[in-house]
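Letters A, B, ... are given to chains in the order of the sequence lines, protein chains preceding strands, and every chain is numbered from 1.
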Amino acid sequence: MPELPEVEVVRAGVEPAVTGAVIAGVEVFEERSLRRHDPALGPFTEMLQGHRVLAAVRRGKFLWLPLDTGRALVVHLGMSGQVLLRSPGTDADRQLRIRLALDHPDHGELWLNFVDQRIFGSMAVDAMQPTRDGLPAGFSGRASGPWSGLIPSQVAHIARDPLDPGFSTPLFLAALARKKTGIKRALLDQTLISGIGNIYADEALFAARLHYEQPADSLSPAKARALLAAVRSILNRALAEGGTSFDAQYVNVNGQSGYFAHSLSAYGRQGSPCPRCATPLVRRQFMNRSSHLCPRCQRLR
DNA sequence: ACGCTCACCTGATAGC
DNA sequence: TGCTATCAGGTGAGCG
């Protein structure tokens with residue numbers, strides 16, 4: 001799924017089901033889905049079994065569920081991960097990697113299925129540490145608690161995302177001005193700004209009329225601000241439409257697709273006319289993936 | 001210290 | 001039908 005809007009759809013979807021629930025059972029069908037779990041902290045299953053979930057928090061594309069043990073269950077969807085809520089006894093989803101049986105005081109029993117075709121995603125139990133700036137670690141709806149100011153260790157190096165109230169625009173602009181690389185690489189660098197992936201990077205660069213290889217340190221402060229505004233606008237619009245889905249691979253916790261794919265201007269539209277100038281959009285290979293752009297509106301300067 | 005390449009995976013689809 | 005090549009929304013280890 002998974003750029004910021006899609007992960008937020010998952011977070012918001014699981015929040016009411018997991019908050020306050022006890023993890024009654026854990027089944028791991030694919031050990032490779034625990035790649036990010038450090039066994040030195042303890043066995044994955046034992047660190048979850050019998051413990052209560054306190055909230056659902058997200059920073060960028062990382063999601064975590066703080067536990068009453070002081071640790072958190074970290075979930076990353078990778079390229080193809082999904083979190084699906086199912087009634088107990090439901091037939092196993094295709095590519096089901098991990099299943100948590102939840103027991104909620106109000107809603108009863110529920111299965112949380114972690115499904116992942118490519119196994120680039122993962123679940124892990126991780127220790128928590130205070131945030132550097134003392135602000136809430138990520139977005140958790142309206143909920144807050146002692147866990148608010150704590151971030152899983154393996155997420156601590158990830159920058160705040162541009163929808164986070166704690167995101168510092170001056171710090172981001174300064175970091176961008178120091179980057180000796182192309183602007184798309186910088187947008188995809190989760191230690192500079194998080195939550196942006198290949199789709200929304202291409203969309204934001206299209207909106208800001210920037211070529212993906214434009215040196216990051218060549219943008220004027222005004223241009224950099226305009227790009228950041230474009231990023232925020234696109235992420236917010238995608239969020240409002242429930243995220244981007246091209247097929248059944250990308251669905252919310254109830255198995256439904258988002259609609260933002262209908263609103264894409266550049267991504268996946270090679271050969272179609274540019275919405276601004278009607279020049280055919282092109283696709284180029286970049287960083288072992290594709291970049292979509294208008295060769296006329298988005299020239300290298 | 002930083003920028004960049006590549007490995008990590010499965011499955012759908014297109015072309016021969 | 002069946003083979004091969006290509007493509008897919010992410011991350012971070014390790015190299016120079």
Side-chain angles (χ1 to χ4, degrees), chain A residues 1-10 29-38 58-63 74-83 93-98 114-124 126 152-159 161 175-205 212-213 215-217 231 234-235 238-239 241-252 257-264 266-271 283-292:
Chain A
M1 303 177 169
E3 298 183 42
L4 185 155
E6 294 75 36
V7 180
E8 175 55 23
V9 166
V10 170
F29 303 105
E30 175 52 79
E31 286 293 325
R32 291 174 295 176
S33 293
L34 300 182
R35 192 184 331 244
R36 304 176 78 109
H37 179 79
D38 178 4
R58 180 193 54 75
R59 173 186 289 207
K61 306 171 196 173
F62 281 82
L63 173 67
V74 179
V75 183
H76 196 283
L77 301 175
M79 291 280 263
S80 54
Q82 300 176 49
V83 175
D93 292 288
R94 196 160 137 76
Q95 298 146 196
L96 175 62
R97 309 303 186 193
I98 298 169
F114 180 72
V115 169
D116 187 11
Q117 180 204 120
R118 295 174 73 181
I119 325 181
F120 289 169
S122 64
M123 282 186 162
D126 200 5
S153 297
Q154 63 179 262
V155 189
H157 68 292
I158 297 294
D161 63 65
L176 203 59
R178 266 184 263 118
K179 273 287 157 187
K180 295 276 178 282
T181 189
I183 186 61
K184 182 166 178 181
R185 265 207 165 83
L187 285 183
L188 295 177
D189 182 346
Q190 306 295 303
T191 67
L192 273 190
I193 182 170
S194 69
I196 305 167
N198 204 37
I199 296 180
Y200 300 117
D202 280 4
E203 290 299 302
L205 292 171
Y212 56 93
E213 285 184 307
D217 62 3
V231 165
I234 284 157
L235 294 180
L239 215 39
E241 293 185 34
T244 298
S245 327
F246 301 123
D247 50 51
Q249 185 81 29
Y250 301 105
V251 296
N252 67 18
S257 297
Y259 286 94
F260 194 69
H262 302 301
S263 306
L264 296 175
Y267 185 87
R269 305 200 64 232
Q270 62 275 16
R283 184 178 81 185
R284 307 254 178 81
Q285 285 307 117
F286 176 68
M287 292 174 73
N288 276 332
R289 59 209 322 175
S290 295
S291 279
H292 310 76

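In this structure, the aromatic ring of A:F120 is not positioned over the six-membered ring of the base of B:dC9 within 5.5 Å between centres and 30° between planes.
A straight line from CD of A:E6 to P of C:dA8 spans 16 Å, rounded to a whole angstrom. Here C:dT11 presents its C1' atom at 7 Å from CZ of A:F62, a figure rounded to the nearest Å. A:L187 has its CG atom 15 Å from the P atom of C:dG9, to the nearest Å. If you measure from atom CG of A:L188 to atom P of C:dA8, you get 14 Å, rounded to the nearest angstrom. A straight line from NZ of A:K184 to C1' of C:dG9 spans 11 Å, rounded to a whole angstrom. The distance between atom NE2 of A:H157 and atom P of C:dG10, rounded to the nearest whole Å, is 14 Å. In this structure, A:Q82 atom CD and B:dT10 atom C1' are separated by 14 Å, rounded to whole Å. Computed from coordinates, the A:I119 CD1 to B:dC9 C1' distance equals 6 Å when rounded to whole Å.
Residue A:R94 places at least one side-chain N or O closer than 4.0 Å to OP1 or OP2 of B:dA12. Residue A:Y200 places none of its side-chain N or O atoms closer than 4.0 Å to OP1 or OP2 of C:dG9. In terms of phosphate contacts, A:S80 brings no side-chain nitrogen or oxygen within less than 4.0 Å of OP1 or OP2 of C:dG9. Of the side-chain N and O atoms in A:Q117, none sit less than 4.0 angstrom from OP1 or OP2 of B:dC9. Residue A:R289 places none of its side-chain N or O atoms closer than 4.0 Å to OP1 or OP2 of C:dA8. A:K61 has no side-chain polar atom (N or O) that falls below the 4.0 Å cut-off from OP1 or OP2 of C:dG9. The side chain of A:R36 places an N or O atom within less than 4.0 Å of a non-bridging phosphate oxygen (OP1 or OP2) of C:dG12. Side-chain N/O atoms of A:R32 include one lying less than 4.0 angstrom from OP1 or OP2 on B:dT10.
Partner of A:F114 under the side chain to side chain contact (heavy atoms under 4.5 Å, CB included) criterion, out of A:M123, A:E30, A:Q95: A:M123 alone.
Nucleotides C:dT6 and B:dC6 are separated by 16 Å at their P atoms, to the nearest Å. Nucleotides C:dT11 and B:dA1, compared at atom P, are 23 Å apart to the nearest Å.
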Can you name the atoms? Protein N/O to nucleotides 3-7 of chain B N/O, anything below 3.5 Å, with the distance.
{"residue": "B:dG3", "atom": "OP1", "partner": "A:K180", "partner atom": "N", "Å": "3.0"}
{"residue": "B:dG3", "atom": "OP2", "partner": "A:K179", "partner atom": "NZ", "Å": "2.4"}
{"residue": "B:dC4", "atom": "OP2", "partner": "A:T181", "partner atom": "OG1", "Å": "2.3"}
{"residue": "B:dT5", "atom": "OP2", "partner": "A:R185", "partner atom": "NH2", "Å": "2.4"}

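The aromatic rings of A:Y212 and A:F286 sit tilted relative to each other, their planes meeting at an angle between 30° and 60°. The aromatic rings of A:H292 and A:Y267 are tilted relative to each other, their planes meeting at an angle between 30° and 60°.
For the atom pair CZ (A:R118) and CZ (A:R32), the distance works out to 13.0 Å, reported to the nearest 0.5 Å. A distance of 9.5 Å separates CD1 in A:I234 from OH in A:Y200, rounded to the nearest 0.5 Å.
Contact annotation: the side chain of A:P2 never approaches that of A:K61 to less than 4.5 Å [non-hydrogen atoms, C-beta and beyond]. A:E6 places none of its side-chain heavy atoms less than 4.5 Å from the side chain of A:L77.
Ionic pairing of A:D126 and A:R36 is not present here: no N-O contact between side-chain nitrogen and carboxylate oxygen is shorter than 4.0 angstrom.
The side chain of A:H76 has C:dT11 as its nearest neighbour among C:dT11, B:dT10, C:dG9.
Searching all strands for a Watson-Crick or G-U wobble partner of C:dG9 with both distances below 3.5 Å returns nothing.
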